[in-house]
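Within every chain, numbering begins at 1; the chains are lettered A, B, ... in the order of the sequence lines, protein sequences first and strands thereafter.
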Protein chains: 2
Amino acid sequence: MSAIRVAVDVVILAIREGKLQVLLVKRRYAPFQGRWAIPGGFVKEEESLESAAQRELEEETGVRDVYLEQLYSFGDPGRDPRGRIVSVCYFALLSSGDIAPKAGTDAADAGWFAAFQPPPLAFDHARILDYALLRLRYKLEWTTAGFQLLPKKFTLTDIQKVYEAVLNKRLDKRNFRRKLALLDVLEPLHEYRSEGAQRPARLHRFSAKKFELLKDKGILFPF
Amino acid sequence: MSAIRVAVDVVILAIREGKLQVLLVKRRYAPFQGRWAIPGGFVKEEESLESAAQRELEEETGVRDVYLEQLYSFGDPGRDPRGRIVSVCYFALLSSGDIAPKAGTDAADAGWFAAFQPPPLAFDHARILDYALLRLRYKLEWTTAGFQLLPKKFTLTDIQKVYEAVLNKRLDKRNFRRKLALLDVLEPLHEYRSEGAQRPARLHRFSAKKFELLKDKGILFPF
DNA sequence: TGACATAGTGTCATATCAACACTATAATAG
DNA sequence: CTATTATAGTGTTGATATGACACTATGTCA
């Protein structure tokens, strides 16, 4: 009937080496053979869009139970030389603790890149990545999604570095922590982490119970 | 190849009789024959998603150059008994000045309904409408999109009523106007509108030139 | 045991917020 | 022409949040 095909693409983001990075795959075949691309694939007959995105994500990273959010659907005729393909795009936020396990399907054709300085990308993927980064910045300013980029236990400096990496600016430590305290979503643990010849930092964890309340109260978090 | 078909649905919203209303069409055929539904249709081979949405919008309202924004894509298997259909949904904000011209393709099977108390809807359209209303509320709080619901010339009370209709709460006139002034996007005209046995209200128009600057400055507008 | 490097903490001047009530004025009725 | 009417239009205040700013605390390692 219709010759339009439906695909999902997943912009997979994580903090690595203190920077926001994106997972890309190298295309094996034409078009754009050898170019880096956002991982994705066609939606199967019996799976939901979100399941398809989760499947792609798991194929690339081996990770499940990850923050995943629908981003936008791109469907201009001509965006893919192989034919009319509508791509429903998602973005995923990986905890830095989740990255090691697999590091891409296979080292040769998957890799992490600085999200703000990606290599040339196939198709309209540069636009998709830009949009994901824009959305992530909004998310960080208005929600607590930033904690998804951290492992379960983290220091206050860890979360500040996430904000600095994504918003791409330095933040004042005291003001940042005052706002964090106001948010009231962190539970200080009785554990500390030593990072060198200096005072160890206290570990905290994100308390999801309070998350819903925050949304109800309409608290914004624009640093 | 793929049996997945791609459609667009457009949630068309406007202020009528002081209330937020949504344009619905009555289904002529099964499934859900006789039920009200959000207007939409299949995407044609050669048109972009946005063009398809614009086409549907124009077919229903006869109006062009309307605020149109992609909302979300719904694609669960089973959401449409006729087969696997992925619907890319948009929402449109009509100026109340644009409504009279056509009032639906044909009076018998198109009509305006209170957006917050719609009739039973076909398919998963109740969910789509809910999502559109949620998004519109955010839009109003964080952007100047609310002006799209007004004609070119309007009074300050007009815009306040739009906010009250969408946010579904009463607002303080003086505080509202203070924030409007802060936004600095309104141009007072040397025209007034009489509405009865009382002082006439000054007309204003939205000045789009200043719009971009606002976004750059990152000014929010949460009433 | 001293040097190191990051952890952790408070104040003040400014801006923003919500709550609140009265005067101005054109149209209309008599 | 005058009074009535109903909406238009306008400021202040006390409370809260904000950004700018600098020093002390402390575990580790040499």
Side-chain angles (χ1 to χ4, degrees), chain A residues 15 17-18 140-144 150-151 153-165 167-205 214 217-223, chain B residues 15 17-18 140-144 150-151 153-165 167-205 214 217-223:
Chain A
I15 303 285
E17 298 158 8
L140 237 61
E141 287 173 354
W142 295 339
T143 74
T144 50
L150 290 172
K153 300 175 182 181
F154 51 85
T155 69
L156 299 181
T157 299
D158 288 341
I159 180 66
Q160 181 171 346
K161 281 185 176 157
V162 167
Y163 272 81
E164 289 179 337
L167 301 181
N168 202 28
K169 66 178 172 190
R170 302 296 307 269
L171 299 171
D172 179 85
K173 182 161 62 160
R174 282 166 295 181
N175 291 342
F176 183 83
R177 290 179 180 211
R178 170 154 40 87
K179 290 204 191 187
L180 271 187
L182 256 174
L183 261 192
D184 192 29
V185 294
L186 291 189
E187 187 178 325
L189 303 173
H190 296 285
E191 294 177 62
Y192 296 81
R193 192 175 67 203
S194 281
E195 200 87 83
Q198 76 261 181
R199 178 174 175 177
R202 184 163 198 174
L203 291 171
H204 296 70
R205 75 171 165 206
L214 268 180
K217 281 199 280 180
I219 292 178
L220 301 182
F221 201 14
F223 284 101
Chain B
I15 303 285
E17 299 158 7
L140 237 61
E141 288 172 353
W142 296 338
T143 75
T144 51
L150 289 172
K153 302 175 181 180
F154 51 85
T155 68
L156 299 182
T157 299
D158 288 342
I159 179 67
Q160 182 172 344
K161 282 184 175 157
V162 167
Y163 272 82
E164 290 179 337
L167 302 181
N168 202 29
K169 66 179 172 191
R170 304 293 309 267
L171 299 171
D172 179 86
K173 182 161 61 162
R174 281 166 294 183
N175 291 340
F176 184 83
R177 289 180 181 210
R178 173 162 32 86
K179 289 202 190 188
L180 271 187
L182 255 174
L183 262 191
D184 192 29
V185 294
L186 291 189
E187 188 178 327
L189 303 174
H190 296 285
E191 293 176 64
Y192 297 80
R193 192 175 68 203
S194 280
E195 199 88 84
Q198 75 260 176
R199 178 174 178 177
R202 185 164 200 173
L203 291 171
H204 295 70
R205 76 169 165 211
L214 268 180
K217 281 198 279 180
I219 292 179
L220 300 183
F221 201 14
F223 284 99

Out of curiosity, B:L189 CG to B:T155 OG1, how far, rounded to the nearest 0.5 Å?
11.5 Å

Any side-chain N or O of A:K173 under 4.0 Å from OP1/OP2 of D:dC21?
no

Can you tell me the distance, in whole Å, between the CD atom of B:E191 and the C1' atom of C:dA26?
17 Å

Nearest-Å distance for atom pair CZ/P, residues B:F176 and D:dG9:
13 Å

Pick the nucleotide of DNA chain C nearest each of B:R178 and A:D172; which residue has the one closer to the 5' end?
A:D172

Please determine whether side chain to side chain contact (heavy atoms under 4.5 Å, CB included) holds for the pair B:E141 and B:L167, giving the CA-CA distance in whole Å, both sets of side-chain angles, and the decisive distance to 0.1 Å.
CA-CA 9 Å; B:E141 288 172 353; B:L167 302 181; 4.0 Å; yes

Is the ring pair B:F154/B:H204 parallel, tilted or perpendicular, if the boundaries are 30 and 60 degrees?
parallel

Any B:T157 side-chain N or O less than 4.0 Å from OP1/OP2 of D:dT7
no

Counting only non-hydrogen atoms, which of residues 196-203 of chain A are less than 4.0 Å from DNA chain D?
A:G196, A:A197, A:Q198, A:R199, A:P200

Taking it one step at a time, do A:Q160 and A:D172 satisfy side chain to side chain contact (heavy atoms under 4.5 Å, CB included)?
CA-CA 9 Å; A:Q160 181 171 346; A:D172 179 85; over 6 Å; no

Hey, does the side-chain of A:R174 have a donor or acceptor N/O within less than 3.5 Å of a partner on the base of D:dG19?
no

What integer distance in Å separates A:R170:CZ from D:dA20:C1'?
15 Å

Yes or no on side chain to side chain contact (heavy atoms under 4.5 Å, CB included) for B:I15 and B:K161, after CA distance, side-chain angles and deciding distance?
CA-CA 9 Å; B:I15 303 285; B:K161 282 184 175 157; over 6 Å; no

Let me see the working for A:R202 and A:H190 under side chain to side chain contact (heavy atoms under 4.5 Å, CB included), right down to the final yes or no.
CA-CA 7 Å; A:R202 184 163 198 174; A:H190 296 285; 3.5 Å; yes

To the nearest Å, how far apart are A:L171 CG and D:dA20 P?
11 Å

Below 4.0 Å: OP1/OP2 of D:dT28 and any side-chain N or O of A:S194:
yes

Nearest 0.5 Å please: distance from the OG1 atom of A:T157 over to the CD atom of A:E164.
9.5 Å

Atom CD of A:E195 to atom P of C:dT6: distance rounded to whole Å?
9 Å

Taken to the nearest whole Å, CZ/B:R177 to C1'/C:dC20 is 16 Å

From CG of B:N175 over to C1' of C:dA21, roughly how many Å is that when rounded to an integer?
13 Å

In whole Å, I'd like the distance from the CD atom of A:Q160 to the C1' atom of C:dT6.
12 Å

